[in-house]
J.: 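Before we start, here is the structure in question, set down as structure tokens.
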Amino acid sequence: MSSSTDPSHSAALADAKAWPFEEARRLIKRLERLPGGAEKTVIFETGYGPSGLPHIGTFGEVARTSMVRHAFETLTDGRWKTRLICFSDDMDGLRKVPDNVPNKEQLAAALDRPLTSVPDPFGTHESFAHHNNARLRAFLDRFGFDYEFFSATECYRSGMMDATLLKMLAVYDEVMAIILPTLGPERQATYSPFLPVSPVSGKVLQVPMIARDVAKGTVTYVDPDSGETIETPVTGGRVKCQWKADWAMRWTALGIDYEMAGKDLIDSVTLSSRICKALGGTPPEGFNYELFLDEKGQKISKSKGNGLTIDEWLRYASPESLSLYMFQKPKAAKRLYFDVIPRAVDEYLQFLAAYKAQEGKARVENPVWHVHNGAPPTADLPITFALLLNLVAASNAHDKDVLWGFISRVAPGATADEHPLLDQLAGYAVRYYEDFVAPKKQFRAADDVEREALTALSEQLAKAPANASAEELQAILYDVGRKIPRYQDFAAKGATPEKPGVSSTWFNAIYNVLLGEEKGPRFGSFIELYGVENTRALIAKGLAGELVTKPAEG
RNA sequence: GGGCGGGUAGCUCAGUGGUAGAGCAUCUGACUUUUAAUCAGAUGGUCGAGGGUUCGAUCCCCUCCCCGCUCACCA
């Protein structure tokens, strides 16, 4: 609450090295040399293609851009107004039918039409683009990002782009000179920065321009469906720009100051920047982040289904931990797979715990400052997420209550009320248990000796005092095992011929038959937390063969 | 071929112009008469190679090697 008025803040900020600050400083330099930069509203943009759904990369880009925005606002003490535009390129033509949608025939019939003119295969929105735009907005809203949504179709139709489109027409030759050398011979022959929307077929046409009239603001082309020669204004949404030209046009028309992109777009950024200059604009400051790799260091691709989806991440960990992951080393090719999650969570918790004791400079270098827009919550957890995952695996904890029993043993006095964050983590841990631990359990049937032993155990437990402690329950376990020759261990520390030790075979049998595990918790503690009655019921089920893992079927 | 990233302990990775770090793994010990967990400690590195700058380089500069990604058709 009181974080941003720290008097030492400005001094701390001067040489803050975290990358969002470096980015913010570049942005300040840009504004200093940009005509009218001092009064400009600073505009950040992230782009989105609505032929697919938002994914973990979408999150990363918006999260990182927001971090730069916030660093900038802090560094400049709010002297500049800022906006973040999430721009949906929804006038783009539908290139191919996605695999993961219903009503594919319907889409196939609409190929090449602007995405806002393609019927929604889910039947819930005005168009396919509207559908996916809505998904994008819901996605961004879920994380509380502060942004403004822009639709390319609306921008074009509203006339917002007109002035820049006319300028593009005026510098047509220059634009062609920038793009043509980068294309192969076939594409060179047909290339145009303008893609007219056919009044005949409704398609976004990739056709050569056979004439243009700067004074009238028109281009002329041959419509491939009718064979007619058509002259059309470039304004009002009748014409869309081809990709790199489009980007440049958008930057210029909207006055974009900052936009990040993946490193696969480095060349596109360069070309679009040159076009932007030809249009009389100043290309935005940019930042190229690395792409993510999967577990084996392979590129993540949606079609291969490798890597990790954002839903998977959020099933096992918080958005903040993902945000931290995005903050860290944006220029390194990081592997993104399940195992990085617990680490990200624990690092997040560690940074969060450190934050409150830090001051000025250390605070703005602390990732949680960036993750939480300068106002991290105070939290200090008694245990780590990694430990929680171990606990849940060892404790047979199907639900949070059982897990909390184990947590409070490790962290005496901790309660869900006092530690809502830990309670949240416990929920994540239980899911992890259900998804990863439980399916791997291998229960086996008890043999005769084990049946007898477990039956005896159940009987002895029934006689145990109501509030038996873990130690007392543990003693019962030993006493039951001690009477059975298979489990006697005369070599154990402190064993005597009269009172043999109990071998680990006994406990292993318990784990195998009752928990489906090779190893397990200290069983007396387990019974105390799991409950004597529950444990007896578990034994009954085990002996009835209800737990036994069926041979793999399908 | 152009661009980018990486090469640090067995593994996964932090890191800083000034005595090399964490987690996991391994080993030892403590506590539990089992195991898991926990705690204490130990082992373990030519910081990819060579040169340069520097009093001093894992870090900065140059050259090279290896791995990976990416662009060159489309967005």
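Every chain is numbered from 1, with letters handed out A, B, ... down the list of sequences. Computed from heavy atoms alone, side chains included, the values below leave out hydrogens, waters and symmetry copies.
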J.: Using a 4.0 Å heavy-atom cut-off, does A/Arg343 contact any base of the nucleic acid, only the sugar-phosphate backbone, or nothing at all?
T.: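 Base, at least one base atom sits under 4.0 Å.
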J.: Heavy atoms only, 4.0 Å cut-off, all strands: where does A/Ser51 land among base, sugar-phosphate and nothing?
T.: nothing
J.: Measure from NZ or CZ of A/Arg64 to the centre of the six-membered ring of A/Phe287 and say whether it is under 6.0 Å with the direction within 45° of the ring axis.
T.: no
J.: Holding to side chain to side chain contact (heavy atoms under 4.5 Å, CB included), I want the full list of residues that pass it with A/Ser192, two or more places apart in sequence or in another chain.
T.: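 Side chain to side chain contact (heavy atoms under 4.5 Å, CB included) list for A/Ser192, sorted by chain: A/Tyr172, A/Phe194, A/Met209.
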J.: Determine the contact category for A/Tyr478: base if any of its heavy atoms lies under 4.0 Å from a base atom, sugar-phosphate if only primed atoms, P, OP1 or OP2 are that close, otherwise nothing.
T.: base
J.: Confirm from the modelled atom types if A/Gln474 and B/rU34 form a donor-acceptor pair under 3.5 Å, side chain to base only.
T.: yes
J.: Mind checking if A/Leu183 touches a base, just sugar-phosphate, or nothing, with heavy atoms under 4.0 Å?
T.: sugar-phosphate
J.: Could you tell me whether A/Lys329 contacts a base, only the sugar-phosphate backbone, or nothing, with contacts defined as non-hydrogen atoms closer than 4.0 Å?
T.: sugar-phosphate
J.: Counting any heavy atom closer than 4.0 Å, what does A/Gly184 reach on the DNA or RNA strands: base, sugar-phosphate only, or nothing?
T.: sugar-phosphate
J.: For A/Lys331, answer base if it contacts any base atom (sugar-phosphate contacts may also be present), sugar-phosphate if it contacts only those atoms, and nothing otherwise; contact means non-hydrogen atoms under 4.0 Å.
T.: sugar-phosphate
J.: Taking side chain to side chain contact (heavy atoms under 4.5 Å, CB included) as the definition, give me every residue that meets it alongside A/Asp112, ordered by chain and number, with sequence neighbours left out.
T.: A/Lys203
J.: B/rC71 base to A/Lys263 side chain: any donor-acceptor pair below 3.5 Å?
T.: no
J.: Only stems of 3 or more consecutive Watson-Crick or G-U pairs count here, both distances under 3.5 Å; name the ones for RNA chain B, or none.
T.: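 For RNA chain B the paired stretches long enough to count as stems (3 pairs minimum) are B:1-7 with B:65-71, B:10-13 with B:21-24, B:26-30 with B:38-42, B:48-52 with B:60-64.
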J.: CG of A/Leu293 versus C1' of B/rG5: gap in Å, rounded?
T.: 9 Å
J.: Can we say A/Arg26 and A/Glu22 salt-bridge, meaning some charged N sits less than 4.0 Å from an Asp/Glu carboxylate O?
T.: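 Salt bridge flag = no for A/Glu22 with A/Arg26.
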J.: Any base atoms under 4.0 Å from A/Asp246, or only sugar-phosphate, or nothing? Heavy atoms, all strands.
T.: nothing
J.: Round to the nearest Å and state the distance from A/Glu365 atom CD to B/rA14 atom P.
T.: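 Rounding to the nearest Å, CD of A/Glu365 and P of B/rA14 are 17 Å apart.
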